[in-house]
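Written out below as structure tokens is the structure these notes cover.
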Amino acid sequence: MRNFLFILLKEVRSYINSSVAFVVVTIFSVLTGYYFYNIFASFSTISFQAQTDPTMATQYGALNVTEFVIRPFFGIISVVMLIMLPMLTMRSFSEEKKTGTMELLLTFPVRDGEAIMGKFGGCMAIFFLMLTLSFPSILLVELFGDPEWGVIITGYFGLILMGGGFIALGIFMSSITENQIVAAVLSFAALLILYMLNFTAGAAGETMSAVLNYLSFTYHYRNFAKGVIDTSDVIYYLLFTLFFIFLSMRSLESKRWRG
Amino acid sequence: MIEVEHLTKTYGEARGINDISFQVEKGEILGFLGPNGAGKTTTMRILTCFMPATSGTARVAGYDVFEDSLNVRRRIGYLPETVPLYTDMLVPVYLRYVAGLKELPYREIKGKVAKIMEQVGLTHKADKFIGELSKGYRQRVGLAQALINDPDVLILDEPTIGLDPKQIIEIRSLIRGLGKDRTIILSSHILPEVSMICGRVAIIDEGRIKAIDTPESLTEKLRVANKVKAVIEGVAEDVKAALGRIAGVNNILVENGDGVDRAKYTVEFAEGINGPPLVARTAIEGKWDLHELTPMRMSLEDIFIQIVTEEKDIV
Ligand SMILES: Nc1ncnc2c1ncn2[C@@H]1O[C@H](COP(=O)(O)OP(=O)(O)OP(=O)(O)O)[C@@H](O)[C@H]1O
Ligand SMILES: [Mg+2]
């Protein structure tokens with residue numbers, strides 16, 4: 001536990017000192033903020049027109065700010081996460097291997113699990129910072145409309161679970177190569193495939209489509225976006241995260257196998 | 001404290017080390033001496049649990065490096081050859097991080113870091129990032145992190161490389177002081193350094209231990225070429241003839257012996273004969289002036305080169 005905290009703090013410090021945190025968090029905020037600005041602006045235009053033009057009001061029905069702004073906003077956050085989180089995780093073990101600091105880390109009295117969880121926690125901390133910076137946008141919606149707070153809370157909860165999965169996968173990819181670019185590309189590709197699985201589910205057969213849906217990130221997020229927490233979704237994300245943390249442990253351990 | 005038995009490490013086809021066995025007792029400093037690629041670093045990496053051996057066993061402080069690596073790692077301080085450090089950390093912040101991972105009680109960390117920085121001469125670099133330090137100062141940070149938990153066993157891969165002469169002297173005496181109640185293995189290419197600091201020396205070549213003993217007895221054992229160097233004033237031919245009459249002389253070499261002036265004679269005796277008194281007596285009997293008389297010993301350098309180049313095994 002102690003070692004976990006020491007490594008976590010060191011990771012956060014490294015992200016900040018190396019300005020990786022600054023770049024990743026800024027780009028994340030700019031991208032999500034820009035998208036938010038667009039949807040929020042068009043929502044205001046439409047709802048303003050609807051107030052004056054009765055035909056529009058009937059066309060769109062009652063305009064719901066949660067439906068039109070909050071839900072797409074969370075959707076775009078998850079897409080930007082998919083691009084930015086591999087940038088965060090790519091260095092975690094690859095850099096240590098490349099610069100040789102792994103030699104010292106592995107000869108300190110630190111369990112492999114503590115090292116991995118420390119790295120994981122460090123990335124999660126930066127990820128929390130990213131999510132926190134998206135919160136003012138939500139407050140802006142609250143100021144001008146009446147969003148459903150239940151959806152906002154479950155939405156963030158789902159994003160945190162999903163981000164945990166992305167980060168665990170990224171750390172595993174970083175543990176198998178000493179090249180940061182390779183680690184980032186592998187994580188990005190793997191996440192993209194998992195993200196898009198349910199797009200292809202429609203065309204597949206019934207069982208296949210159920211399997212594809214079950215494996216897909218997006219499919220498990222849809223309940224969170226509706227304000228519902230389904231334990232099976234929570235379990236999916238947690239299992240996903242644990243699976244890749246387990247693989248990372250194996251990957252570190254394999255250096256200590258006789259060969 | 002350290003027991004190594006039949007340790008072998010292969011990298012694919014290549015042999016890293018081949019059937020190495022040795023022991024180091026508490027309070028002993030063992031020096032690894034060997035040419036590049038001999039297997040010094042490989043042996044140290046196995047002892048520090050960085051990588052496993054292909055076969056053989058190694059025990060450090062009573063724990064097997066393979067079976068019980070965490071307990072071994074708690075008791076060692078390791079300075080790797082390349083001194084890998086996080087360049088984006090401040091010196092004291094890095095040392096506090098290492099102290100934390102090495103399980104120092106939280107309250108002691110700050111004081112301990114200050115003390116160790118003082119010991120290795122880093123105090124005035126407290127506000128620097130490691131990446132800004134010169135090679136020698138990074139070496140000191142590397143030493144500091146190895147020493148920070150007062151480990152029972154220290155494994156130092158070329159500890160004084162890159163240091164300035166003053167610091168070399170300080171670090172050597174620091175290591176010697178630590179060696180009194182600890183176990184230390186260090187590797188070095190500086191032969192006088194090894195004979196100065198180490199109680200025992202292991203000469204490693206091509207993955208094998210070629211010789212392991214105290215520097216003195218290595219020198220002793222290898223005084224096989226039992227030679228005496230003498231500077232004698234007299235007619236060279238007469239002197240040479242007289243020396244040649246001594247029983248047990250195998251060979252005489254004369255340098256600068258072209259007149260009545262003094263010349264340098266290198267007299268090689270058979271094994272077991274104590275040459276200097278015999279040479280002295282000859283000079284006195286011939287009424288020649290004896291200016292210098294030195295029994296020739298091999299320096300560690302000579303031994304090293306002899307073992308490594310002549311494939312001579314004197315274990
Ligand atoms: N990671 C590796 N992969 C393949 N071969 C290796 C590896 N590390 C070392 N070797 C080989 O193992 C042998 C021993 O290397 P080692 O680094 O132990 O030598 P050394 O005695 O420390 O040399 P130096 O004095 O140059 O530091 C060498 O032949 C080297 O080429
Ligand atoms: Mg070496």
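As the structure is a prediction and not an experimental result, all values here were calculated from the model. Sequence lines set the chain letters: A, B, ... in the order given, protein chains first and strands last, and positions in each chain run from 1.
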Where does [X] contact chain A at under 4.5 Å (heavy atoms): side chain, backbone, both or neither?
| X | value |
| --- | --- |
| B:Val93 | side chain |
| B:Tyr94 | side chain |
| B:Arg45 | side chain |

Side chains of [X] and [Y] only: does a donor on one sit below 3.5 Å from an acceptor on the other?
| X | Y | result |
| --- | --- | --- |
| B:Asp19 | B:Thr8 | no |
| A:Thr177 | A:Ser94 | no |
| B:Gln145 | B:Tyr78 | no |

| With only heavy atoms counted, which part of A:Leu5 is less than 4.5 Å from chain B, the side chain, the backbone, both or neither? | neither
| field | Engaged part of A:Glu95 at the chain B interface, taking heavy atoms whose separation is under 4.5 Å | value | neither
| task | Identify which of B:Ile76, B:Val98, B:Thr82, B:Asn149 forms the greatest number of heavy-atom pairs closer than 4.5 Å to chain A. | result | B:Val98
| field | Selection from B:Met51, B:Glu103, B:Arg96 maximising heavy-atom pairs under 4.5 Å formed with chain A | value | B:Glu103
| Is the number of heavy atoms from other residues, nucleotides or ligands under 6.0 Å of B:Lys110 NZ greater than 12? | no
| request: Look at A:Arg91 together with A:Glu11 and state whether they make a salt bridge at an N to O cut-off of under 4.0 Å. | output: yes
Tell me whether the guanidinium CZ or amine NZ of [X] lies under 6.0 angstrom from the six-membered ring centre of [Y] and within 45° of its axis.
| X | Y | value |
| --- | --- | --- |
| A:Arg71 | A:Phe74 | no |
| B:Lys125 | B:Tyr137 | yes |
| A:Lys10 | A:Phe6 | no |

| field | Toward chain B: residues of residues 97-117 of chain A with heavy atoms under 4.5 Å | value | A:Thr99, A:Gly100, A:Thr101, A:Met102, A:Glu103, A:Leu104, A:Leu105, A:Leu106, A:Thr107, A:Phe108, A:Pro109, A:Val110, A:Arg111
| request: Give me the contact list for residues 15-38 of chain A versus chain B, heavy atoms only, anything under 4.5 Å, ordered by residue number. | output: A:Asn17, A:Ser18
| said: A side-chain contact here means heavy atoms from C-beta on lying under 4.5 Å apart; do A:Cys123 and A:Thr89 qualify? | reply: yes
